[in-house]
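Counting convention: from 1, in listed order, for ligands and their atoms alike. Residue numbers start at 1 and run along the sequence shown. No experiment lies behind these values; they were computed from the predicted model shown.
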Amino acid sequence: MNKNDKIYVAGHRGLAGSALVRQLKAAGYTNIVTRTHTELDLTNQVAVQGFFKSERPDHVLLAAAKVGGIHANNVLPADFILQNLAIQSNVITEAWLHGVKRLLFLGSSCIYPRDCPQPIRESYLLTGPLEPTNRPYAIAKIAGIEMCWALNRQHHTRFIAAMPNNLYGPGDNYDLENSHVLPALIRKMHEAKSRGDKDVVIWGTGTPRREFVYSDDMANACVLLMQLPETEFDIVLNPPAEDNHPPLVNIGYGNDLTIRELAETIIGIVGFKGKLVFDTSKPDGTPRKILDVRRMNQLGWQPKIGLAEGIALAYQDFLTAGIK
Ligand SMILES: NC(=O)c1ccc[n+]([C@@H]2O[C@H](COP(=O)([O-])OP(=O)(O)OC[C@H]3O[C@@H](n4cnc5c(N)ncnc54)[C@H](OP(=O)(O)O)[C@@H]3O)[C@@H](O)[C@H]2O)c1
């Protein structure tokens with residue numbers, strides 16, 4: 001990527017997209033194109049065609065998606081599969097038709113099989129049944145990855161998928177019904193502290209293990225992938241034969257912790273003095289989900305923000321920006 005190449009970041013106001021824009025700007029890229037959801041509905045094929053025709057971006061980072069936690073995935077399964085299939089299909093197809101040099105599609109660790117061995121390697125995609133609570137979302141995302149792989153093989157595009165684990169950071173979604181576990185816990189603890197509650201209720205048993213990546217670390221990894229010299233990028237696109245899998249790379253922190261440990265860390269940072277109560281009638285989701293990040297590490301990437309430091313930064317952002 002040259003510094004004045006035109007780079008389209010789809011979903012630039014989201015958690016991942018805003019981090020990508022920050023990272024690109026910090027790295028000196030000056031020609032970043034963005035559109036809000038209102039300006040360009042990516043589920044609208046004609047509108048997306050018009051956008052690519054007029055803007056002709058050199059590179060695309062696709063971070064626009066219908067995203068949510070267990071509750072949102074349970075109650076809006078049709079929205080998750082239909083909107084994500086449409087967004088991806090429109091953007092990936094137009095990127096191919098308009099000769100985009102590199103496209104990075106954001107996948108997610110939650111689309112690997114529910115019970116695959118840990119840590120999860122890239123080659124485990126499609127090797128077993130999916131977690132039922134987010135299957136429509138996962139199938140849409142897997143279709144996007146297959147679309148990139150198929151276009152690479154048939155039309156020689158250079159499209160790649162990045163597979164981050166749970167993200168958190170500035171601009172996160174703190175809606176209690178639609179958010180992910182870490183921002184939801186920040187909000188719950190903060191509100192419990194403000195009200196002077198004696199306890200805070202947490203969904204599930206607290207035993208599932210999760211891995212969390214600060215959004216700016218994820219963005220740093222994505223920009224590194226977009227900047228790789230052609231020969232190194234080729235290796236990422238075409239992994240060795242014995243490891244045959246789509247063009248994807250995991251992005252994880254490298255360590256996980258239980259939801260209980262996470263909650264205890266957040267309690268300390270927020271300063272809530274009450275106790276934790278686990279509502280075991282609520283679903284836990286996948287028991288463990290840690291990514292094998294050796295491929296990304298081999299490319300020279302390491303996360304820079306530790307969990308406690310990242311949560312403190314996210315909490316500051318929550319206090320400053322308020323709830324969205
Ligand atoms: N958050 C995580 O923990 C996590 C973990 C792994 C992977 N990822 C991946 O990262 C990507 C982005 O996730 P995120 O957490 O950043 O989500 P997010 O904060 O909800 O942001 C998603 C963005 O997409 C935009 N968008 C949604 N539908 C659109 C449409 N029809 N047309 C145009 N824009 C649309 C949203 O705009 P509006 O808000 O205006 O609708 C928003 O800016 C997803 O592919 C997700 O799978 C996220």
Side-chain angles (χ1 to χ4, degrees), residues 8-23 33-48 51 60-70 72-73 76 79-92 94 103-112 120 134 136-145 148 161-175 178-186 210-219 221-222 248-253 262 285-286 289-291 293 310 314 317 321 323-324:
Y8 170 43
V9 180
H12 70 289
R13 293 206 294 196
L15 173 64
S18 59
L20 289 169
V21 171
R22 276 196 299 279
Q23 188 64 39
V33 183
T34 56
R35 291 289 186 279
T36 64
H37 192 159
T38 319
E39 289 164 345
L40 175 63
D41 179 355
L42 295 170
T43 63
N44 180 333
Q45 187 184 15
V46 175
V48 177
F51 169 77
V60 173
L61 294 135
L62 176 46
K66 171 82 183 160
V67 174
I70 293 178
N73 272 275
L76 303 170
D79 289 3
F80 277 85
I81 190 161
L82 293 173
Q83 290 183 30
N84 283 313
L85 279 175
I87 291 170
Q88 298 156 198
S89 180
N90 290 337
V91 174
I92 293 171
E94 293 311 311
L103 174 144
L104 184 142
F105 170 59
L106 274 171
S108 171
S109 59
C110 65
I111 72 177
Y112 283 112
I120 305 170
N134 70 355
Y137 173 81
I139 286 180
K141 286 273 165 194
I142 293 168
I145 293 169
C148 291
M163 302 281 269
N165 216 328
N166 299 290
L167 298 174
Y168 69 104
D172 212 339
N173 172 10
Y174 294 97
D175 181 300
N178 296 315
S179 58
H180 291 107
V181 58
L182 194 155
L185 285 177
I186 289 181
R210 293 291 182 268
E211 179 187 31
F212 298 90
V213 192
Y214 195 69
S215 58
D216 288 355
D217 276 332
M218 175 280 309
C222 291
L248 50 87
V249 190
N250 287 340
I251 301 176
Y253 182 61
L262 173 71
T286 309
K289 210 179 65 176
I290 183 164
L291 295 174
V293 285
D317 178 69
I323 295 158
K324 68 168 186 175

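By the 4.0 Å heavy-atom criterion, Val213 is excluded from the residues contacting ligand 1. Using a 4.0 angstrom heavy-atom cutoff, Phe105 does not count as in contact with ligand 1. Heavy atoms of Asn173 stay at 4.0 angstrom or farther from ligand 1. Residue contacts with ligand 1: Thr38 is excluded, as none of its non-hydrogen atoms falls under 4.0 Å. The closest approach between any non-hydrogen atom of Ser18 and ligand 1 is not below 4.0 Å. Lys141 counts as a contact of ligand 1, since one of its heavy atoms falls under 4.0 Å from the ligand.
With contacts defined as side-chain heavy-atom distances shorter than 4.5 Å, the pair Pro183/Asn173 does not qualify. A 4.5 Å side-chain heavy-atom check between Ile92 and Cys148 finds at least one atom pair inside the cut-off. With a 4.5 Å cut-off on side-chain heavy atoms, Cys222 and Ile251 count as touching. Considering only heavy atoms from C-beta on, Ser108 stays 4.5 Å or farther from Asn166 through its side chain. Looking at Leu20 and Leu106, their side chains come closer than 4.5 Å, going by heavy atoms from C-beta outward.
One option in Lys66, His37, Met218, His180 has a heavy atom closer to atom 30 (C) of ligand 1 than any other, and that option is His37. Between Ala10, Ser108, Gly11, it is Gly11 that holds the heavy atom closest to atom 23 (C) of ligand 1. When Ala65, Ala138, Gly169 are ranked by how near their heavy atoms come to atom 27 (C) of ligand 1, first place goes to Ala65. Scanning Ala63, Ala16, Ser109, Gly107 for the heavy atom closest to atom 9 (C) of ligand 1 points to Gly107. Comparing Thr43, Leu15, Leu106, Asp41 against atom 15 (O) of ligand 1, the shortest heavy-atom distance belongs to Leu15.
Checked against the 6.0 Å centroid criterion, the rings of Tyr214 and Tyr253 do not qualify as a close aromatic pair.
Note: an N/O pair closer than 3.5 Å links Leu167 and ligand 1 by distance alone. Between Tyr137 and ligand 1, an N or O atom pair is found at a separation short of 3.5 Å. In terms of polar-atom proximity, Pro164 is not counted as a contact of ligand 1, lacking any N or O under 3.5 Å from an N or O of the ligand.
Here CZ of Arg35 is found 7.0 Å from CG of Leu40. Values are rounded to the nearest 0.5 Å. Here CE of Met163 is found 9.5 Å from NZ of Lys141. Values are rounded to the nearest 0.5 Å. Note that OH of Tyr168 and CG of Leu185 are 13.0 Å apart. Values are rounded to the nearest 0.5 Å.
The side-chain contact (heavy atoms from CB on, under 4.5 Å) test with Phe80 singles out one residue from Ile139, Asn73, Leu85, and that residue is Asn73.
Using a 4.0 Å cut-off to heavy atoms of Gly14, the atoms of ligand 1 that qualify are 16 (O), 18 (P), 19 (O), 21 (O), 43 (O).
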